[in-house]
Participant: 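Sharing a structure with you now.
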Amino acid sequence: MLRVENLSTGYNSIRVLKQISLTVSEGEIVTLIGSNGVGKTTTLRTISGLLRPTEGSIHFCNKDISHVPPHKIVELGISHVPEGRNIFPRLSVRENLEIGAYTRKDRLEIKKDFKKVMEIFPQLAKRQKQTAGTLSGGEQQMLAIGRALMSRPRLLLLDEPSMGLAPLVVLGIFEIIKEVNRQGTTILLVEQNAQIALRTAHRGYVMETGRIILDDSAEALLQNDQVRKAYLGE
Amino acid sequence: MNVYYLQLLILIGINIIMASSLNLVIGYTGQLSLGHAAFMSLGAYTSALATLRLGLPFGAALLIGAVVAALFGIVIGLPTLQLKGDYLAIATLGFGEIVRIVFLNLDITGGAVGLRGIPKETDFLWVICLVLITGFALNRIIHSRVGRALLAIREDETAAESMGINSTYYKTLCFGVGAFFAGIGGGLFAHWFRYIHPNTFGFLNSIEYLCMVVLGGLGNMWGAVIGAGLLTIIPELLRQIADLRLLIYGIVLIIMMRVRPQGILGQSQGKSTHTLSRYYKQILGKIKNR
């Protein structure tokens, strides 16, 4: 579904990604793990068009999207939940979700999806009129995911959904991620919390300073000595 | 009606048009523009020349002025709106000065002499109708799909883009609409005072409109109306000390920043509703805390 080949990106003259390649197939949860500053977020930002690749290509459903602007990429079916959630703090929960469906015009279907999101996140349903900035961290993360789902994506890019959340809340969020995947959305998940990411995902990639150094099934990575030492604290 | 009060009302009306159109750009879309008076001058000069030289009817002249201002808004907006925050402010400020200096040196605009003998077409009815039309149009925009997009851009441009909102398009659109209504304001102004001069629409005028919006409350329709009203009436009341006008503006803005940074009716961070009763409660709370 998603095929990234020899992708390089940078900020000005600094090269962040050095020829990375990865694939995501329909129905999978794929995770990208690694420590701070190795280029995980940059990878997602390049896929969703917020950054331009300097080299390499990104194909989504056999279409080259490496130079498509971000708003067109959303229309093609990739939705990005940015790091730190980036909800619209002064707008209400409902308005945030409505903006998520911005690229769509099928009102009836949007209503259906709105209901669906409310079912997945009952906590948000109670707070529809509340301003998003007043939600708790976990609720904001839910809102960010819900908002992304409103565009009815085929591929959901999640950037550090565990960031700044209490361990118990993190568990809840990852249950929801699995549920969203079961309902048919393919997920590319970037995480620092390797433990929970690998337990949730089907496959994983390990990044180090702009390169992918390992690529295997999630179970195999959980057993991998190198991964255990570096990322699982064992 | 007493001519003096009529003039005051008309000025308030024009300023409401100016402030609420600027509010769309600054308050709702979050783009700090310091060149609003330049769009007003484009509207003023174009419409004045249309009635003076071409003998067009007033309504058509107003419309042409507004369209010219809007076109400039779009042409200027496209490159400058790629800039953020302070840089955008500086670029729009520069644009305002360029327009002023060009008008100061063109023959057709009368240069430093200004443009005289513009027919007196603006009356109370025109102003009140156009204030209502402006308010209605802006209100419709804000509560539409487009308005949502503008709010999203103000709140977080990156997130808005990743939601599929083409931020360049919407920012330019809002700049164009803001300039359009500023052009109407300029046309009304020119045909009321019958004399316009490039310095009538200088940088300080742009700042005045900014003050109105900030005082009234960013991102609130009625805020712009109240801000325009107050900052038109207060200088009139202080006519004897007219030289201190800008000093008072400064003081008012500083007090506002200290006491109520979001403006009289502005939206505060993290609250979706803003009612006078809540404001009242806040004041009571502050007194109690003392």
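Order of the sequence lines sets the chain letters (A, B, ...), proteins ahead of strands, with each chain counted from 1.
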Participant: Any chance you could measure B/Leu151, atom CG, to A/Asn96, atom CG, to the nearest 0.5 Å?
Facilitator: 10.5 Å

Participant: So, does A/Glu75 use its side chain to make a donor-acceptor pair with the main chain of B/Gly164 at under 3.5 Å?
Facilitator: no

Participant: Between A/Arg147, A/Glu95, A/Met150, which has the largest tally of heavy atom pairs under 4.5 Å with chain B?
Facilitator: A/Arg147

Participant: Give me the contact list for residues 56-72 of chain A versus chain B, heavy atoms only, anything under 4.5 Å, ordered by residue number.
Facilitator: A/Pro70, A/His71

Participant: Check whether any side-chain heavy atom of B/Thr158 lies under 4.5 Å from a side-chain heavy atom of A/Arg45, and answer yes or no.
Facilitator: yes

Participant: What part of A/Ile99 is in contact with chain B, defined as an atom under 4.5 angstrom from a non-hydrogen atom: side chain, backbone, both or neither?
Facilitator: both

Participant: With rounding to the nearest 0.5 Å, note down the distance linking CG in A/Asp159 to OG in B/Ser162.
Facilitator: 10.5 Å

Participant: Measure the CE-CG distance between B/Met163 and A/Asn86 for me, rounded to the nearest 0.5 Å.
Facilitator: 8.5 Å

Participant: Would you name the heavy atoms of A/Val74 and B/Glu161 that are closest together and state the gap between them?
Facilitator: CG2-O, 4.0 Å

Participant: Rounded to the nearest 0.5 Å, how far apart are CD of B/Glu155 and CZ of A/Arg90?
Facilitator: 4.5 Å

Participant: Minimum heavy-atom separation for B/Ala159 and A/Phe88, please, with both atom names.
Facilitator: CB-CE2, 3.9 Å

Participant: For atom CZ of A/Arg182, is the number of surrounding heavy atoms from other residues, nucleotides or ligands below 6.0 Å larger than 12?
Facilitator: yes

Participant: Identify the two heavy atoms, one from A/Tyr102 and one from B/Ala149, that lie closest to each other, and give their separation to 0.1 Å.
Facilitator: OH-CB, 3.3 Å

Participant: What do you reckon, is CZ of B/Phe136 surrounded by more than 12 foreign heavy atoms closer than 6.0 Å?
Facilitator: no

Participant: Got a sec: does the CZ of A/Arg52 have more than 12 other heavy atoms crowding it under 6.0 Å?
Facilitator: yes

Participant: Any chance you could measure A/Lys105, atom NZ, to B/Arg145, atom CZ, to the nearest 0.5 Å?
Facilitator: 5.0 Å

Participant: Can you tell me if A/Lys116 has over 12 outside heavy atoms packed within less than 6.0 Å of its NZ?
Facilitator: no

